[in-house]
Structure formats: C-alpha cells, structure tokens
2 protein chains.
Amino acid sequence: MNETIRDLDPTDQEILRILQHDASITHKQLSDKLHKSIATIHERIRKLKNLGYILKTVAILDRKKINRNLIAFSQVLLNDHTAETLKGFEDAVAKYPEVMECFQMTGSFDFVLRVATSDMEAYHDFYRNKLAILPNITTVQSFFVLSETKSETAYPI
Amino acid sequence: MNETIRDLDPTDQEILRILQHDASITHKQLSDKLHKSIATIHERIRKLKNLGYILKTVAILDRKKINRNLIAFSQVLLNDHTAETLKGFEDAVAKYPEVMECFQMTGSFDFVLRVATSDMEAYHDFYRNKLAILPNITTVQSFFVLSETKSETAYPI
DNA sequence: CTTGAAACTTCCAACTA
DNA sequence: TAGTTGGAAGTTTCAAG
C-alpha cells in the first residue's frame with residue numbers, strides 16, 4: 001500500500017460504529033446524526049471503503065429459519081505440518097459448504113472449524129464422509145453449541 | 001409465531017443468496033439478474049425481512065485495520081451448573097466488548113468465547129482482569145488463531 | 001406480478017473556507 | 001484538504017390494474 005496512513009477521526013469512527021450495526025441507514029439519516037452534509041457522509045464512506053476499512057455489506061440471516069440448527073466446532077489434529085499438508089487441508093475444507101470458518105490455531109490441535117448443519121445427522125454425514133476422509137488427519141474432536149448467548153459481528157470502535 | 005409457514009421459492013432463495021454476499025446491490029440490479037420487476041424484488045425483500053429471514057444488514061470491517069489483530073477462543077469450565085451460575089456468567093461476559101461471541105457447549109467444558117483484542121498483552125489483561133475474576137470459574141483454557149483460512153457469514157442456500 | 005409515477009437518495013461538479 | 005450546495009441521475013416505494 002502506498003497510501004498515507006490516516007488515523008480515523010471521530011466522524012469516521014462514528015460512521016463505522018453505526019454501519020456495523022445497520023448498514024441500511026441512509027446517508028441523509030447519517031448526516032442528521034453526525035451534523036455533516038450528505039455529500040460529506042458520502043465522501044467519508046467512499047474513503048472508508050477505498051482504504052479497506054469496510055470490506056463489504058451483507059445481510060445477516062436467521063440461521064434457524066434456513067435450517068442451520070446445529071453449530072459444531074471441530075478441532076482437527078494433522079499428522080504432519082508440511083506446507084503441502086496444511087495447504088491441502090485448508091483448501092479442502094474451504095470448499096465444503098458446511099464449513100463457515102476455518103482457523104489455524106496455536107496449541108494442542110491444528111485447526112478449528114465452525115460447521116453449520118441442519119442437525120446431528122447432517123453433521124455426522126459431514127464428519128464421516130467429508131472431514132474424516134481427508135488425508136493426513138490424525139484426530140477430530142467435535143463440540144456442539146447448546147446455545148448462543150452473544151453473537152456480534154460489530155467490533156467496538 | 002402465528003404465521004403460515006411458507007417455503008422459500010427459488011426467487012426468494014436467490015435473493016437471500018445474493019444479499020448475504022452483497023447487501024448493497026440495488027433492487028434494479030437484482031431485478032435484472034432475476035428477471036423480475038423492481039416492485040417484485042422490493043416486495044420479496046420486504047417479506048423476507050418481515051418473516052424474520054433477514055435479521056439485519058451490516059458492514060463487515062477489516063479487523064486488522066481497526067486494531068483487532070488477535071482472536072482467541074477461551075474455553076471455560078464452571079464449578080456448578082445452577083441456573084444462577086450459568087446466567088450470571090453469560091450476562092457478565094456479554095458486557096465485555098472483547099467478547100464477540102459466547103456459546104454454551106456440550107462436552108468437556110461449558111462455554112467457548114471468541115475474544116477479539118489488539119494483541120497478546122490486551123488478551124492477557126482481559127484474561128486476568130475480566131474473565132478469570134468472574135465467580136464460579138474452575139478453569140479457562142485459551143487458544144489463539146494463527147490464521148483465518150475461511151471466514152464466511154453467508155450460509156449456503 | 002407488473003406498470004408508472006411521486007418521493008427520496010445517491011452522487012458529482014463547482015465552489016468556499 | 002475537508003467541507004458545502006444544488007441539481008441530475010438513479011432508486012425506492014406504493015397504489016392501481
């Protein structure tokens with residue numbers, strides 16, 4: 001990046017705070033809240049996108065309504081840590097639609113997957129036929145979410 | 001809910017698919033893609049919101065740009081499982097801005113937290129001064145994310 | 001589900017401090 | 001450089017068919 005590093009001023013911060021919770025707010029509503037002109041808000045948001053602060057705007061769905069009732073965390077241990085093995089595993093799991101997130105971890109296992117399925121049977125199918133059959137896997141331990149008591153996409157700013 | 005259960009037709013499904021990846025698309029662009037009128041798209045989206053499929057629309061930020069470089073998973077074991085203890089823990093961690101998510105789990109520990117901080121020092125501070133001091137905690141084990149190889153908010157539909 | 005039109009929003013150019 | 005204004009272009013919203 002050849003860009004001047006520009007710290008975010010309070011207006012930028014407030015815009016990010018608000019858009020993280022509700023990106024469907026209009027520029028006019030923002031301009032009223034922040035006491036700036038609409039054009040200023042427009043320009044600030046354009047900058048925040050161009051500078052890479054805002055990656056995208058997405059709709060958050062109710063997963064239970066679309067039949068993703070079970071969330072599992074799968075802790076995976078591999079039998080070696082060559083670049084090929086790591087890359088092979090990452091690429092393979094990234095292709096599975098059940099896998100929402102994949103993290104390489106420090107500590108006593110190598111990866112954690114967050115897996116969303118309709119129910120335990122579907123998880124079992126994923127586990128047996130998609131995850132456990134991948135090469136170089138030593139162990140997989142599965143943990144299931146009983147309830148989600150906080151679920152936030154917005155970082156405090 | 002006293003609502004008729006209405007299965008989503010292919011147009012609704014396609015709208016949800018698209019909005020999960022890019023909610024800033026205009027109704028006109030959607031109407032061109034899906035070969036429906038703008039008013040139809042408008043009405044479909046209104047319904048999907050009213051029926052609770054779409055919970056909200058949010059901006060996704062680059063966490064590294066806003067100084068959340070470290071993601072930790074904290075596995076917590078409590079010394080008892082009375083309603084008071086569980087509720088007390090959930091309420092307490094929900095208030096901490098470092099805690100993005102809190103899950104009650106099946107298995108050998110009670111909760112998993114996903115914690116976002118600027119660095120290891122900030123995590124240590126959170127761990128020592130906010131998490132470990134809560135009542136009824138038996139153990140906390142922390143695991144740190146080395147790299148995020150898949151990160152998806154959109155469920156396949 | 002569509003059309004059509006009013007109301008509203010976005011976006012840009014010209015300009016100011 | 002950051003901000004404003006005004007207006008053209010584009011989008012949303014809704015009543016009627």
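We name chains A, B, ... by the order of the sequence lines, and we start the count at 1 in each one. Everything numeric here is computed off the predicted structure, so don't read it as measured data.
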Rounded to 10°, the helix from C:dC1-D:dG17 to C:dA17-D:dT1 deviates from straight, judged by its five-pair end axes, by 30°
B:Tyr123-B:Phe144 aromatic ring centre distance below 6.0 Å | yes
Review point. Quick check, are the ring centers of B:Phe111 and B:Phe103 under 6.0 angstrom apart?
Key: no
Review point. Which of parallel (below 30°), tilted (30 to 60°) and perpendicular (above 60°) describes A:Tyr96 and A:Phe126?
Key: perpendicular
To the nearest angstrom, the CD-P distance between A:Glu43 and C:dC15 comes to 18 Å
note: B:Arg46, atom CZ; D:dT11, atom C1'; distance rounded to Å ~ 18 Å
Residue pairs passing the side-chain hydrogen bond (donor to acceptor under 3.5 Å, both in side chains) test with at least one member in residues 15-24 of chain A, sequence neighbours excluded, are A:Glu14-A:Arg17, A:Asp22-A:Ser24
inquiry  = Looking at A:His42, I'd like to know whether one of its side-chain N or O atoms comes within less than 4.0 Å of OP1 or OP2 on C:dT10.
reply    = no
Numerically ordered, the residues 15-34 of chain A set in heavy-atom contact under 4.0 Å with DNA chain C is A:Thr26, A:His27, A:Lys28
Contacts of B:Lys87 meeting salt bridge (Lys or Arg N to Asp or Glu O under 4.0 Å) (sequence neighbours excluded), chain-then-number -> B:Asp91
Residues passing the salt bridge (Lys or Arg N to Asp or Glu O under 4.0 Å) test with A:Glu84, sequence neighbours excluded, are none
Sort me out a list of protein N/O and nucleotides 1-6 of chain C N/O pairs below 3.5 Å, or just none if empty.
from: C:dC1; atom 1: OP2; to: B:Arg44; atom 2: NE; distance (Å): 2.8
from: C:dC1; atom 1: OP2; to: B:Arg44; atom 2: NH2; distance (Å): 2.6
from: C:dT2; atom 1: OP2; to: B:Ser37; atom 2: N; distance (Å): 2.9
from: C:dT2; atom 1: OP2; to: B:Ser37; atom 2: OG; distance (Å): 2.9
from: C:dT2; atom 1: OP2; to: B:Thr40; atom 2: OG1; distance (Å): 2.5

